[in-house]
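First the proteins, then the strands, lettered A, B, ... as listed; each starts at 1. Because the structure is predicted, anything quoted here is derived from the model rather than measured.
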Protein chains: 2
Amino acid sequence: MEDIDRAIVAALTGDGRLSYTDLAERVGLSVSAVHQRVRRLEQRGVIKGYSARVSFEALELPLTAFVAIRPFDPSQPDDAPERLAHLPEIDSCYSVAGEDFYLLLVRVAGPADLERLLQEIRTSANVTTRTTVVLSTPYENRPPKISAELSGRGRSRSAAEPAGSTAG
Amino acid sequence: MEDIDRAIVAALTGDGRLSYTDLAERVGLSVSAVHQRVRRLEQRGVIKGYSARVSFEALELPLTAFVAIRPFDPSQPDDAPERLAHLPEIDSCYSVAGEDFYLLLVRVAGPADLERLLQEIRTSANVTTRTTVVLSTPYENRPPKISAELSGRGRSRSAAEPAGSTAG
DNA sequence: TTTGAAATGGCTTTAAC
DNA sequence: GTTAAAGCCATTTCAAA
C-alpha cells in the first residue's frame with residue numbers, strides 16, 4: 001500500500017469524520033484525488049466502516065472483563081461464537097491458541113450483571129469460564145502503526161501548512 | 001440517559017458517518033434536534049470521537065495477540081502503561097485483576113515482529129510476558145447494548161409529522 | 001490511469017419560533 | 001423540539017498530465 005493511502009487511513013483512524021477538504025490538505029492532494037482514494041480503500045476493504053467512540057462509563061457499562069472459555073464437553077461441535085453472538089454484553093470474541101478456546105471481552109453495568117452474563121455464557125455455549133476483571137484501561141483501540149512519511153509534495157496553495165511537512 | 005440518546009449512540013456506533021438527516025429519520029426527530037443531541041453527547045463525553053474501522057489484514061498487521069505482563073521486580077514503581085505507550089503495535093492496555101498486572105492487545109505483521117515486540121516490551125517495562133496468539137476474530141468492537149428500540153418510528157419523506165410531539 | 005478544477009445537490013449549522 | 005435559511009461540503013463531471 002502506498003504511503004499516501006497509509007496517511008489517509010491513519011488520519012481517518014484518528015478522526016473518522018474528517019472532511020475530504022481537511023484530509024486533502026493533510027496528505028497534500030486535491031479533494032477529488034483524496035476522495036477517489038478513500039472510495040478505493042473502502043471498496044478494497046481496507047476501511048471497513050466508521051464508528052463513534054463511546055464512553056462505556058457514560059453508557060452505564062463501567063465494568064469490563066475478559067472471559068476465557070473452553071467447552072465443557074470437547075467432543076461437541078465448537079460453535080461458541082455463534083451461540084454467544086446474541087449477547088450484547090460481549091464486545092469482542094477472539095479464537096485463541098493456548099489453554100482456552102476463546103477469549104471474550106465483555107462490558108456490563110456491575111458485578112451482578114457480570115454474574116448473570118457468565119451464567120448465560122455457560123449455559124448458552126456449554127462452556128466453562130475463567131474471568132479477569134479489568135480495573136482500568138490506560139488506552140484502548142489506538143490507531144495502528146503507519147509508516148507513511150510524506151515527502152514535501154509541491155502544492156499550489158501555500159496558505160495552509162499540513163502536518164507531516166518537513167520542519168522548517 | 002434517555003432512550004433517544006441511546007438510539008443515537010447506537011446508530012453512530014454502527015455507522016459513525018451517518019448524516020444528521022438519516023439519523024433524524026431513524027430516531028424520529030428533526031435534523032436540528034438530533035444535531036443538538038449529538039453535540040450534547042459529544043460535550044458530555046458520551047461520544048468521545050469517531051474512527052474509521054480498518055482491516056488489519058489489509059494494513060499488513062494480520063497477527064493479533066494478547067500479552068499478559070507482570071513486573072520482573074514488583075518493588076519497582078509500576079508505570080508499565082506509560083513505558084509502553086510509545087510502541088504503536090500495542091492496540092490496547094488493560095490493568096487487570098488476577099495473576100497478571102496488565103493485559104495488552106497487540107497487532108504485528110508476523111511471528112518475527114511479535115518476537116521483537118515482546119523483547120521490546122520486556123526491556124522497556126522490565127516485565128515478564130505470557131502471550132496468547134489470536135487465531136481468528138469472530139467479532140470485535142461490537143456496538144454496546146442499547147435498551148431503546150425505536151424501530152418503526154422512522155418516516156420516509158412526509159414533511160409534516162411532528163414526531164413525539166404529544167405536548168404542544 | 002491518475003490528478004486538478006468547477007458545478008450541483010445535499011448536508012451541516014445557526015437563528016428564530 | 002420544529003421550521004426555515006445560509007454556508008459549507010460531498011459528489012459528480014470533465015479536462016489535462
Side-chain angles (χ1 to χ4, degrees), chain A residues 1-9 11-44 46-53 148 150-162 164-165, chain B residues 1-44 46-53 58 148 150-168:
Chain A
M1 196 165 66
E2 297 181 10
D3 284 352
I4 294 180
D5 282 341
R6 300 192 94 97
I8 290 173
V9 170
L12 287 177
T13 305
D15 184 356
R17 275 195 157 177
L18 267 179
S19 71
Y20 290 115
T21 304
D22 291 344
L23 205 51
E25 210 167 78
R26 287 200 188 193
V27 304
L29 263 67
S30 70
V31 172
S32 61
V34 166
H35 181 254
Q36 190 171 338
R37 281 174 179 266
V38 171
R39 272 186 82 179
R40 260 170 45 211
L41 288 168
E42 290 171 349
Q43 282 184 327
R44 287 169 50 197
V46 178
I47 295 175
K48 294 191 292 184
Y50 302 87
S51 298
R53 291 192 302 265
L150 294 184
S151 55
R153 278 178 69 115
R155 300 185 317 282
S156 49
R157 301 167 66 181
S158 59
E161 192 67 21
S165 61
Chain B
M1 198 166 64
E2 296 181 9
D3 285 351
I4 293 181
D5 282 341
R6 302 192 93 97
I8 289 173
V9 170
L12 287 177
T13 305
D15 183 356
R17 273 195 157 178
L18 268 179
S19 70
Y20 291 119
T21 304
D22 290 344
L23 207 51
E25 209 166 79
R26 286 199 189 193
V27 304
L29 264 66
S30 70
V31 170
S32 58
V34 166
H35 181 253
Q36 188 174 337
R37 281 172 179 267
V38 171
R39 272 185 81 177
R40 209 168 120 244
L41 288 168
E42 290 171 348
Q43 282 185 327
R44 288 171 49 197
V46 178
I47 295 175
K48 294 191 291 185
Y50 303 87
S51 299
R53 291 193 301 264
L150 300 183
S151 54
R153 291 186 64 176
R155 298 154 301 163
S156 52
R157 203 66 181 99
S158 54
E161 182 78 19
S165 67
T166 52

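Of all heavy-atom pairs spanning B/Leu23 and B/Ala11, the tightest one is CD1-CB, 3.5 Å.
Within 4.0 Å (heavy atoms only), B/Arg37 reaches sugar-phosphate atoms of the nucleic acid but no base atom.
In this structure, the CG atom of A/Leu18 is 15 Å from the P atom of C/dT12, given to the nearest Å. Distance A/Gln36 CD to D/dA16 P: 18 Å, rounded to the nearest Å. Between A/Arg40 atom CZ and D/dT11 atom P the separation is 17 Å, expressed in whole Å. For the pair B/Leu23 CG and C/dG10 C1', the computed distance is 16 Å after rounding to whole Å. The interatomic distance linking B/Leu12 (CG) with C/dT12 (C1') rounds to 14 Å, in whole Å. The distance between atom CD of A/Gln43 and atom C1' of D/dT11, rounded to the nearest whole Å, is 14 Å.
Nearest nucleotide to the side chain of B/Leu29, out of D/dT11, D/dT2, C/dT12: D/dT2. Of the candidate nucleotides D/dT11, C/dT12, C/dT2, D/dT11 has the atom nearest to the side chain of A/Tyr20. Comparing C/dT3, C/dT12, D/dC9 by their closest approach to the side chain of A/Ala33 singles out C/dT3. Closest contact between the side chain of B/Thr21 and the listed nucleotides C/dT12, D/dT11, D/dA10 involves C/dT12.
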Between B/Leu29 and B/Arg37, is a side-chain contact (heavy atoms from CB on, under 4.5 Å) present by the stated rule, with each step listed?
CA-CA 10 Å; B/Leu29 264 66; B/Arg37 281 172 179 267; 3.6 Å; yes

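Residues meeting the side-chain hydrogen bond (donor to acceptor under 3.5 Å, both in side chains) test with A/Ser51, sequence neighbours left out: B/Arg53. A/Ser30 pairs by the side chain to side chain contact (heavy atoms under 4.5 Å, CB included) definition with A/Ser32, A/Ala33, not counting sequence neighbours. For the side chain to side chain contact (heavy atoms under 4.5 Å, CB included) test, residues two or more places apart in sequence or in another chain that qualify with A/Glu42 are A/Val38, A/Ile47, A/Tyr50, B/Arg17.
Rounded to 10°, the helix from C/dT1-D/dA17 to C/dC17-D/dG1 has 30° between the axis fitted to its first five pairs and the one fitted to its last five.
Applying the ring-ring contact (aromatic ring centres under 6.0 Å, His included) test to residues at least two apart or on different chains, the pairs with a partner in residues 17-44 of chain B are B/Tyr20-B/His35.
With values rounded to the nearest 0.5 angstrom, A/Arg40 atom CZ is found 9.0 Å from A/Ile8 atom CD1. Atom CD of residue B/Glu25 and atom OG1 of residue B/Thr21 lie 8.5 Å apart, to the nearest 0.5 angstrom.
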Scan nucleotides 14-17 of chain C against the protein and return all N/O pairs shorter than 3.5 Å with their distances rounded to 0.1 Å.
| residue | atom | partner | partner atom | Å |
| --- | --- | --- | --- | --- |
| C/dT14 | OP2 | B/Arg39 | NH1 | 2.8 |

